[in-house]
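Right, one structure below, let's go through it.
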Amino acid sequence: MIDDDSAVAGGSEPAVPVKPRMPYSERPVARARRAKAQELIERLVAEGRVRITDPDDDEIAEWRRVVNYAKRHGLEPVGKRIEKVPYGGSGLELFLAEGPHPNARSQRPQEGGGLVPVPARLGNLHPMVTALKDDESRLVMPSALRRRSLLLLQALATEAVRRGYEVRKAGSSFFPREGGVDVAVDGFAYTVTVRQEFPESTDPERSARLVVELAHGLTSRPGRWRDRKSRTLEEALGVILGEIEARAVEDARRRRDEQQARAEREVRWQAAMDVAKEQAVRDQLAEVLREEAGRWQGAAVLSSYCAALERRIGELDGAVDESALDSARRWLQWARGYLGSIDPLTRLPGMPHTREPTPEELKPYLRGWSPYGPERRDGR
């Protein structure tokens with residue numbers, strides 16, 4: 001008879017209570033990342049910018065995780081966002097920029113985007129669309145799809161021009177099945193292409209689908225639109241143009257931030273150069289001072305010798321042969337003449353002339369800056 005009431009039917013082991021999993025925020029990795037993120041925010045608020053010079057891949061990955069943690073957990077100051085830009089080649093510069101990130105949901109183009117009129121026929125085309133129409137090596141697809149692709153690009157080009165943008169030949173190369181144009185907004189060019197989505201499909205419905213793509217560049221924003229049951233590509237053209245405009249806002253903001261960062265680096269570099277030049281000129285003057293002090297010390301020794309020789313001649317006057325005394329007096333006279341020629345204090349010294357320091361003379365005082373410009377570090 002089994003009187004152990006912990007046993008269960010079937011001989012199975014008694015159930016072991018499952019220990020609740022520790023919340024992610026309480027795990028050591030999360031706590032360490034939160035501490036790093038908080039420290040980063042404090043430094044950015046206090047210093048404006050944080051630079052990571054010559055990091056390896058692991059360091060860059062960790063800094064990106066720290067920045068993402070700060071963004072996800074709302075650690076950024078109100079009305080600010082953390083931005084990252086390259087610094088000094090392989091380095092990274094972090095700074096606080098104004099306003100929400102362009103990728104924020106509130107900054108995205110509205111789904112409607114405004115309907116863009118699509119022409120019914122291929123007439124009065126934009127020159128870039130005409131060039132695509134005449135180039136049989138582009139938009140290689142069934143004629144009905146090619147015609148629709150050209151109509152989409154014509155509608156996009158017409159609306160872009162109406163909004164004051166420039167439409168020009170695409171700077172990117174395409175596969176034969178693709179064709180597109182560049183839409184330039186505020187000096188930034190965005191390549192829009194059209195292609196057949198499933199060219200190899202034998203399904204008539206699938207093979208008739210088109211895709212409009214907007215080259216991603218440096219952004220992670222959406223860049224691909226397909227025919228959907230709820231919306232055709234013709235109805236999405238307003239959204240596509242809205243996305244181009246949103247990217248232009250983002251790129252203009254990035255350009256301003258980079259220009260500001262370059263200007264600030266220029267100011268800091270110039271300040272470092274001014275200090276380094278002052279130190280390098282100080283080295284030049286110190287070298288002259290040491291040389292003059294050395295000459296003065298040598299002259300002082302010779303002056304003491306001349307005084308001692310004069311005393312000795314006086315002591316031996318009448319005690320030694322007169323020719324010997326006369327020779328000693330002539331030697332003393334020459335020595336005093338020579339002394340006068342080398343003593344730096346014979347004439348009152350003036351402020352020495354200095355020259356422009358060389359880059360090599362500046363490097364020891366630049367604390368990592370390059371003497372060749374603010375965009376280079378350590379002479380590289």
Side-chain angles (χ1 to χ4, degrees), residues 36-64 66-67 70 77 80-98 218 252-299 342-380:
K36 287 183 179 179
Q38 289 173 333
E39 180 185 0
L40 172 62
I41 295 297
E42 290 172 1
R43 288 186 61 189
L44 288 173
V45 171
E47 303 171 21
R49 294 174 184 272
V50 172
R51 293 189 176 92
I52 301 98
T53 57
D54 297 324
D56 56 30
D57 292 342
D58 291 339
E59 288 178 291
I60 290 180
E62 176 60 19
W63 276 108
R64 293 188 185 279
V66 169
V67 170
K80 303 278 188 179
R81 70 181 191 277
I82 302 174
E83 285 288 352
K84 307 182 290 288
V85 294
Y87 177 72
S90 62
L92 199 64
E93 181 174 83
L94 310 175
F95 60 94
L96 290 175
E98 295 289 340
L218 298 176
R253 185 182 294 122
R254 182 184 297 111
R255 179 173 61 187
R256 287 195 302 271
D257 290 342
E258 289 174 352
Q259 288 172 344
Q260 180 182 351
R262 282 195 296 270
E264 291 177 357
R265 279 197 295 272
E266 175 77 27
V267 170
R268 289 193 293 274
W269 175 79
Q270 190 58 58
M273 284 288 289
D274 291 343
V275 171
K277 286 182 179 180
E278 183 179 333
Q279 293 292 332
V281 168
R282 183 171 177 264
D283 285 350
Q284 294 179 27
L285 295 174
E287 181 63 25
V288 173
L289 179 62
R290 283 190 291 269
E291 290 176 359
E292 288 201 357
R295 288 166 53 202
W296 175 79
Q297 285 182 328
I342 66 169
D343 188 347
L345 298 184
T346 300
R347 291 182 300 274
L348 190 64
M351 186 69 180
H353 293 290
T354 58
R355 55 175 172 74
E356 187 71 14
T358 66
E360 290 302 316
E361 290 171 334
L362 294 174
K363 282 182 181 180
Y365 303 110
L366 284 174
R367 298 185 177 182
W369 289 101
S370 167
Y372 302 104
E375 301 303 324
R376 300 170 65 179
R377 303 287 290 181
D378 295 325
R380 292 191 294 273

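Being a predicted model, the structure only gives us computed values, none of them experimental.
- Nearest approach of Pro349 to Pro344, heavy atoms of both residues: CD-O, 4.1 Å.
- No donor-acceptor contact under 3.5 angstrom links the side chains of Gln38 and Glu42, judged on distance only.
- Listed here is the closest heavy atom pair of Phe95 and Leu44: CA-CD2, 3.8 Å.
- Atom CG of Leu94 and atom CD1 of Ile52 lie 4.0 Å apart (nearest 0.5 Å).
- Closest heavy-atom contact between Pro352 and Val288: CG-CG1, 3.7 Å.
- The shortest non-hydrogen separation linking Ile60 to Pro55 is CG1-CG, 3.6 Å.
- In this structure the side chain of Trp369 never reaches within 4.5 angstrom of the side chain of Leu362, judged on heavy atoms.
- By the side-chain hydrogen bond (donor to acceptor under 3.5 Å, both in side chains) test, Arg355 is found to be paired with Glu361, residues two or more places apart in sequence or in another chain being considered.
- Between Glu39 and Lys36, none of the side-chain N atoms (NZ, or NE/NH1/NH2) sits under 4.0 Å from a carboxylate O, so this pair counts as no salt bridge.
- The existence of a salt bridge linking Glu360 and Lys363 is confirmed by a sub-4.0 Å separation between a basic side-chain nitrogen and an acidic carboxylate oxygen.
- Counting heavy atoms of neighbouring residues, nucleotides and ligands inside a 6.0 Å radius, atom CD of Glu266 exceeds 12 of them.
- Here the shortest heavy-atom pairing between Pro357 and Val281 reads CG-CG2, 4.1 Å.
- Atoms CD and CZ, from Glu258 and Arg265 in turn, are 8.5 Å apart once rounded to the nearest 0.5 Å.
- Here the CD atom belonging to Gln260 is positioned 14.5 Å from the CZ atom belonging to Arg255, to the nearest 0.5 angstrom.
- Note that CZ of Arg295 is 9.5 Å distant from CG of Leu345, once rounded to the nearest 0.5 Å.
- Considering only heavy atoms from C-beta on, Glu83 stays 4.5 Å or farther from Arg253 through its side chain.
- Of the listed residues (Leu348, Asp343, Ile342), just one forms a side-chain contact (heavy atoms from CB on, under 4.5 Å) with Thr346, and that residue is Asp343.
- Residues Gln279 and Arg282 meet the side-chain proximity criterion, which asks for heavy atoms closer than 4.5 Å.
- A donor-acceptor pair is defined here as one N or O able to donate and one able to accept, closer than 3.5 Å; such a pair exists between the side chain of Trp269 and the backbone of Ser370.
- To the nearest 0.5 angstrom, Glu59 atom CD is 9.0 Å from Thr53 atom OG1.
- Separating the NZ atom in Lys277 from the OG1 atom in Thr354 is a distance of 11.5 Å, to the nearest 0.5 Å.
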